[in-house]
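First the structure, in the form of structure tokens, and then the observations on it.
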There are 2 protein chains.
Amino acid sequence: MPDRFRILVVDDEPGIVRALGINLKALGYQVETAASGEEALRKAADHRPDAVILDLGLPGIDGIDVIRGLRVWTNVPIIVLSVREAEREKIAALDAGADDYVTKPFGMGEMLARLRAALRREIDEEAEAPVIETADFTIDLAVKRVMRGGSEVKLTPTEWGVVEVLVRHQGKLVSQTQLLKEVWGPQYGEETNYLRVFIAQVRRKLEPQPSTPRYFITEPGMGYRFQVPTA
Amino acid sequence: MPDRFRILVVDDEPGIVRALGINLKALGYQVETAASGEEALRKAADHRPDAVILDLGLPGIDGIDVIRGLRVWTNVPIIVLSVREAEREKIAALDAGADDYVTKPFGMGEMLARLRAALRREIDEEAEAPVIETADFTIDLAVKRVMRGGSEVKLTPTEWGVVEVLVRHQGKLVSQTQLLKEVWGPQYGEETNYLRVFIAQVRRKLEPQPSTPRYFITEPGMGYRFQVPTA
DNA sequence: TCCGTGCGTTAGGAACGCGTCAAGATCGGC
DNA sequence: GCCGATCTTGACGCGTTCCTAACGCACGGA
């Protein structure tokens with residue numbers, strides 16, 4: 001757990017690189033930059049960054065291939081940048097192993113929040129948490145049991161599958177396709193209605209206010225995310 | 001409980017072997033390596049490692065078979081490495097007797113955390129008292145005997161097998177497949193009706209109210225769990 | 001303003017899993 | 001070779017779970 005995090009910013013637009021660089025450095029991050037996919041892979045190998053901010057619209061190598069290239073040897077958090085219209089591309093990026101995405105144009109505040117979340121998740125994982133405790137419930141992955149208010153919450157096999165996948169990827173955005181494949185099996189991927197039903201059931205059993213979820217968050221058009229609210 | 005743990009790393013990709021080796025040695029572990037399943041089984045027999053890190057994607061012998069080969073004579077902790085998509089393979093590995101799995105690509109921090117957890121569990125198990133006492137009965141794993149109300153309860157061999165496996169995993173959920181394999185042998189896994197019959201018999205002999213079990217709990221669709229009620 | 005899309009919610013019928021019982025089949029000791 | 005104990009196998013009933021379809025609602029674009 002380094003004291004000063006190293007961030008690799010990959011974008012071919014000098015304006016964005018500069019803006020991010022100034023803000024990040026001001027907050028005490030060390031910043032490396034790259035303007036192409038090749039340079040990104042090389043610098044990542046050299047500098048072992050703690051997080052990567054990656055624009056999908058790069059010249060040369062496709063951004064998706066950069067993600068795959070990184071994922072061969074590292075699971076460093078990758079936050080993807082893309083323009084609003086490229087929905088398909090964003091989902092492909094998540095399936096390739098990206099952790100989160102931010103649409104351009106983006107506010108610096110949102111970007112920094114996502115980055116902090118990604119770094120926090122990294123630390124949590126290293127601290128190894130097979131038991132997730134929140135203000136409202138406790139999930140023990142090793143024993144496969146959920147406690148809430150002193151008593152056990154009964155989950156059906158499918159419900160448990162959904163919870164387990166989301167919690168294992170804590171803080172990370174999980175695409176609908178990936179969630180379906182991991183819970184129902186590889187031959188699934190389109191049946192998003194299954195997800196709607198079971199996510200609702202999980203929320204009914206775990207969320208304090210199922211209609212306004214705090215833990216099992218919907219990212220419209222993208223997928224779902226399990227998060228533990230900071231406050 | 002050795003002072004310096006011996007770790008056996010099994011992988012055919014030299015990069016991964018090297019990266020793990022450097023990190024583990026730096027932390028004071030003794031490291032042995034193997035690049036094939038055959039070599040892994042041989043070195044395990046020679047060096048009696050305290051933990052095994054095993055890549056499933058080996059040339060030659062299947063990784064699953066390596067696990068089975070090890071499990072014939074040792075219950076050394078096995079941490080499995082596999083690629084993200086191979087969910088089915090991971091499940092098969094766990095059923096074959098693996099203790100944990102890490103998806104490639106992995107962060108070194110997570111790997112080390114899992115390793116520490118595995119070694120810690122082993123120490124706990126060795127130190128663990130093989131006598132379980134509840135309000136209604138006492139199970140002595142060492143002598144293979146169950147006492148209830150001052151007199152001995154006679155269990156048939158298969159009944160004892162079921163009890164022993166569940167009690168050894170005290171508190172943990174044991175899947176039907178795992179239970180079948182551990183009691184009846186590796187070629188079983190589907191015959192869940194056996195379980196229904198024998199679980200019922202065990203409950204009739206040990207539970208105060210067999211129809212509403214307090215110790216041998218059914219988790220519908222998932223498996224069984226032995227627990228000692230807190231109150 | 002109207003439509004299309006995506007998500008949440010609900011309800012009902014089919015399919016499945018579990019407990020139970022009892023009748024063969026198999027094993028082991030005498 | 002017999003007999004009791006133990007394990008396998010099948011059938012039945014019941015409760016639960018999963019899938020499916022339909023509806024409502026919010027949002028964004030034409």
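To find a chain, count down the sequence lines: A is the first, B the second, and so on, and within it residues start at 1.
Axis orientation changes by 30° from one end of the helix from C/dT1-D/dA30 to C/dC30-D/dG1 to the other, with each end axis drawn from 5 pairs and the value rounded to 10°.
Rounded to an integer number of Å, the gap from B/I199 CD1 to C/dC21 P is 16 Å. As rounded to whole Å, 10 Å separates atom P of D/dT8 from atom CG of B/L180. For the pair B/L195 CG and C/dC16 P, the computed distance is 19 Å after rounding to whole Å. The interatomic distance linking B/E190 (CD) with D/dT8 (C1') rounds to 17 Å, in whole Å. Between B/L155 atom CG and D/dA5 atom P the separation is 16 Å, expressed in whole Å. What separates CD of B/Q201 from C1' of C/dT20 is a distance of 11 Å, to the nearest Å. Atom pair A/E207:CD and C/dG8:P shows a separation of 11 Å (rounding to whole Å applied). If you measure from atom CE of B/M222 to atom C1' of C/dG17, you get 13 Å, rounded to the nearest angstrom.
Note on ring orientation: taking the six-membered ring where Trp is involved, the planes of B/Y215 and B/F226 are parallel (angle under 30°, cut-offs 30° and 60°).
The residue from B/K154, B/K205, B/R203, B/R204 that alone fulfils the salt bridge (charged side-chain N to carboxylate O under 4.0 Å, His left out) condition with B/E159 is B/K205. Tested against A/D100 for a salt bridge (charged side-chain N to carboxylate O under 4.0 Å, His left out), the candidates A/R114, A/K172, A/K90 yield a single pass: A/R114.
For the atom pair CZ of A/F106 and CG of A/L20, the computed distance is 4.5 Å after rounding to the nearest 0.5 Å. Expressed to the nearest 0.5 Å, how far CG of A/L70 lies from CG of A/D65 amounts to 11.0 Å.
Here D/dC18 is the nucleotide among D/dC18, C/dC7, D/dC7 with the atom lying nearest to any side-chain atom of A/F198. When each of C/dT10, D/dT6, D/dC19 is scored by its nearest atom to the side-chain atoms of A/R204, the top-ranked nucleotide is C/dT10. When distances are taken from the side chain of B/Y224 to each of C/dG19, C/dC7, D/dC18, the shortest belongs to C/dG19.
The main-chain N or O of B/V153 is never found under 3.5 Å from a side-chain atom of B/R148 such that the two would form a donor-acceptor pair.
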One pair to check against side-chain contact (heavy atoms from CB on, under 4.5 Å): A/L81 and A/I53. What are the steps and the verdict? CA-CA 7 Å; A/L81 281 176; A/I53 299 173; 4.0 Å; yes
Set out, in order, the CA-CA distance, both residues' side-chain angles and the distance that settles side-chain contact (heavy atoms from CB on, under 4.5 Å) for A/L56 and A/Y101, then state yes or no. CA-CA 10 Å; A/L56 285 184; A/Y101 77 92; over 6 Å; no
What nitrogen or oxygen pairs link the protein and nucleotides 9-13 of chain D at under 3.5 Å?
residue : atom : partner : partner atom : Å
D/dT9   : OP2  : B/Y194  : OH           : 2.3

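Taking for each of B/P157 and B/P220 the nucleotide of DNA chain D with the nearest heavy atom, the 5'-most of the two is the partner of B/P157.
Among the heavy atoms of the strands lying under 4.0 Å from B/Q176 are primed sugar atoms or P, OP1, OP2 only; no base atom is included.
Close to D/dC7, at under 4.0 Å from its OP1 or OP2, lies a side-chain N or O of B/T156. OP1 or OP2 of C/dC7 has not a single side-chain nitrogen or oxygen of A/T218 nearer than 4.0 Å. Contact check, B/Y188 against D/dC7: no side-chain N or O comes under 4.0 Å of OP1 or OP2. The side chain of B/W184 contributes no N or O atom lying less than 4.0 Å from OP1 or OP2 of D/dC7.
Contact check on B/E164 versus B/K144 returns a salt bridge, with a Lys/Arg side-chain nitrogen under 4.0 Å from an Asp/Glu carboxylate oxygen.
Of all the heavy atoms in A/A19 and A/M108, the pair that sits closest is O-CE, 4.1 Å.
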